[in-house]
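All figures in this text were calculated on a predicted structure; none of them were measured in a lab. To find a chain, count down the sequence lines: A is the first, B the second, and so on, and within it residues start at 1.
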Amino acid sequence: MARMKFLCDADRCIECNACVTACKNEHDVPWGINRRRVVTINDGKPGERSVSMACMHCTDAPCAAVCPVNCFYTTADAVVLHSKDLCIGCGYCFYACPFGAPQYPRVGNFGSRGKMDKCTYCAGGPDADLTMAEYTKYGSNRLAEGKLPLCAEMCSTKALLAGDGAIIAEIYKERVTRRGYGSGAWGWKTAYQETIAL
Amino acid sequence: MKTAILALRALVFAMALAVIGHTAPVFAQQAPNPTAQSVNEQQLLDALRVGGVLDGRITIPNETAKVLIQPRGKDWRDFHQTTLWTIGGVSILGMLGLLVVFFLVRGKIRIESGFSGRTVTRFGGVERFVHWLTAGCFIILALSGLNLTFGKAFVAPVLGESAFALLAGWGKFAHNYLSFPFMFGLVMMFVIWVKDNIPGKLDLEWLKAGGGILKKGQHPPAPRFNAGQKGIFWIVILGGAAMSVSGWHLLFPFGAGSTVSDQQFWANVHAVVAMVFIAVMLAHAYIGSVGMEGAYDAMGSGEVDENWAREHHSLWLAQEEKRAAMAPPLSVPAE
């Protein structure tokens, strides 16, 4: 099986935020939540770069380690998913996540968090594939349809890559070699304890 | 260097215009490396100070989302999964061990002169209500809190994951809502009892004499609250304040410019204080129930035996007796 990963080539990202919007639309994401976001580093300064970031589907995921109800699991494709039936909305995964991926819809009283929502790598959740129950909780399951995550598929500059980690690493390497520069595979070292040697 | 690049650019541009005109962009692609000044993830991570985050500007209306990478999450994970377990295990199991040893060595502390049969009012209705309101909330807060840290290792295997998640979910609701009566109870306890809990010289003597619980037959004089009880009072008030402030930040996350680092800090304060707090309250519950004969009545019926009061709170009893003697008789005899 493939080891699915995301890679954002910041030298190509034009901060159009289409990945953010496409994701919200595809999955009918709860109000106030953005499963993907674009952060611009050194905005307005020479050498600024924008990076599109979502859940990186970490190896040895911190969210899974700190979850008090063990609602996380890793699929055969190495995608980190969670069960909204088990999640109690405690907020711990947000504290542990290096990428700020877990978010909580505001429901109920106080700051009471609803069930956590995060990027599913367009792979749904523990419910049966392509069912209404799965769609309502987690959004569409493109992986089950043989498609890759929408954010990367529709990226206009092909900055955002999704797919087998080995293949997208090869693509990125080739790009960097050809054009002669690259600002790094953002988040890889943190998420996968490895980076792409250039 | 810069001027050299500019000169080169000008040269390339001039050549392009002069020689091939409209195909100029082909040459432009060989322009200087556009990433020479670009940010590089590894450099940014290396430059981060301890506890720092990689952040930037974001256009979606969610300020906390501007943090791109927060390496500190790993520290929080290590703390939550390892350090906190050690702190909780040592303080709570350690205290239980100490109490068992104390019970085996000292046994139940008896009223040495036996029950007199006469009682004196120690805590009135309001005092007992406030005590049990706070204590009841504390027990549920403590159990639901411990469940979040240790439940997945000890309770989940017994209940199964769905039932455990349901329990933990209800625990979270109970924890959120009962925090308010708990905080109310803390304030009330402070108001009612602070006047009797100012540390004094007598407390030192009481402590020097082993508090009247370590050795049999020793009963150093004590006012309404002895040094041990005063200690419990202040631990409850200060510990409770720490729990309330940290808990408030967790109940209402990301208020007033609060960042993920602040959230992690408050979660850690909440957890560590809770572990120690629970350990101390175990000792308090022990001595107020099975550990000492006659002690439970104080918070049970509110009426304690006179001999218990004489042995443990001689000064307070004397005061109460004086007050009773001075007070007018409760009822007028029938004619």
Side-chain heavy atoms of B:W170 within contact of A:I88, under 4.5 Å: no
Heavy-atom contact with chain B under 4.5 Å, split by part of A:Y104: neither
Atom pair NZ/OG1 of B:K74 and A:T190 - distance to nearest 0.5 Å: 11.0 Å
A:V38 and B:I58, any side-chain heavy atoms less than 4.5 Å apart: no
Non-hydrogen atoms of A:R37 and B:L68 that approach each other most closely: NH2-O, 3.6 Å
From CZ (B:F164) to CG (A:N70), nearest 0.5 Å: 8.0 Å
Interface moiety of A:K189 toward chain B, non-hydrogen atoms closer than 4.5 Å: side chain
Let me check something: any side-chain donor-acceptor pairs from residues 148-159 of chain B under 3.5 Å, sequence neighbours excluded? List them with distances.
residue, atom, partner, partner atom, Å
B:K152, NZ, A:A65, O, 2.8
B:K152, NZ, A:C67, O, 2.9

Stepwise side chain to side chain contact (heavy atoms under 4.5 Å, CB included) check, B:W76 with A:V66: CA-CA 9 Å; B:W76 192 81; A:V66 300; 3.8 Å; yes
Side-chain heavy-atom pair B:N268, A:Y95 within 4.5 angstrom cut-off: no
Pick from A:G100, A:P46, A:G32, A:G184 with the largest number of heavy-atom pairs that fall under 4.5 Å of chain B: A:P46
Spacing of OG1 belonging to A:T40 relative to NZ belonging to B:K66, to within rounding of 0.5 Å: 12.5 Å
Nearest-0.5 Å distance that lies between atom NE2 in B:H175 and atom SG in A:C90: 11.5 Å
Residue B:D78 versus chain A: region with a heavy atom under 4.5 Å: neither
B:Q81, part contacting chain A, at a heavy-atom distance under 4.5 Å: side chain
Pairwise distance CD(B:Q70) to SG(A:C97) - rounded to 0.5 angstrom: 7.0 Å
Residue among B:E161, B:R72, B:H80 with most heavy-atom pairs under 4.5 Å to chain A: B:H80
Candidates A:V39, A:N34, A:T21 - the one meeting side chain to side chain contact (heavy atoms under 4.5 Å, CB included) with B:I60: A:N34
A:D60 vs B:R77 side-chain heavy atoms within contact, under 4.5 Å: yes
A:E26 atom CD: more than 12 heavy-atom contacts under 6.0 Å: yes
Heavy atoms of other groups near B:F184 CZ, more than 12 under 6.0 Å: no
Chain B contact via A:A10 - side chain, backbone, both or neither, heavy atoms under 4.5 Å: neither
Flag side-chain contact, heavy atom, 4.5 Å: A:W186 against B:N40: no
Heavy-atom side-chain contact between A:R113 and B:P253 under 4.5 Å: yes
Which atom of B:A168 lies closest to which atom of A:V69, heavy atoms considered: CB-CG1, 3.7 Å
B:S162 versus A:D85, side-chain donor and acceptor atoms under 3.5 Å: no
B:L166, part contacting chain A, at a heavy-atom distance under 4.5 Å: neither
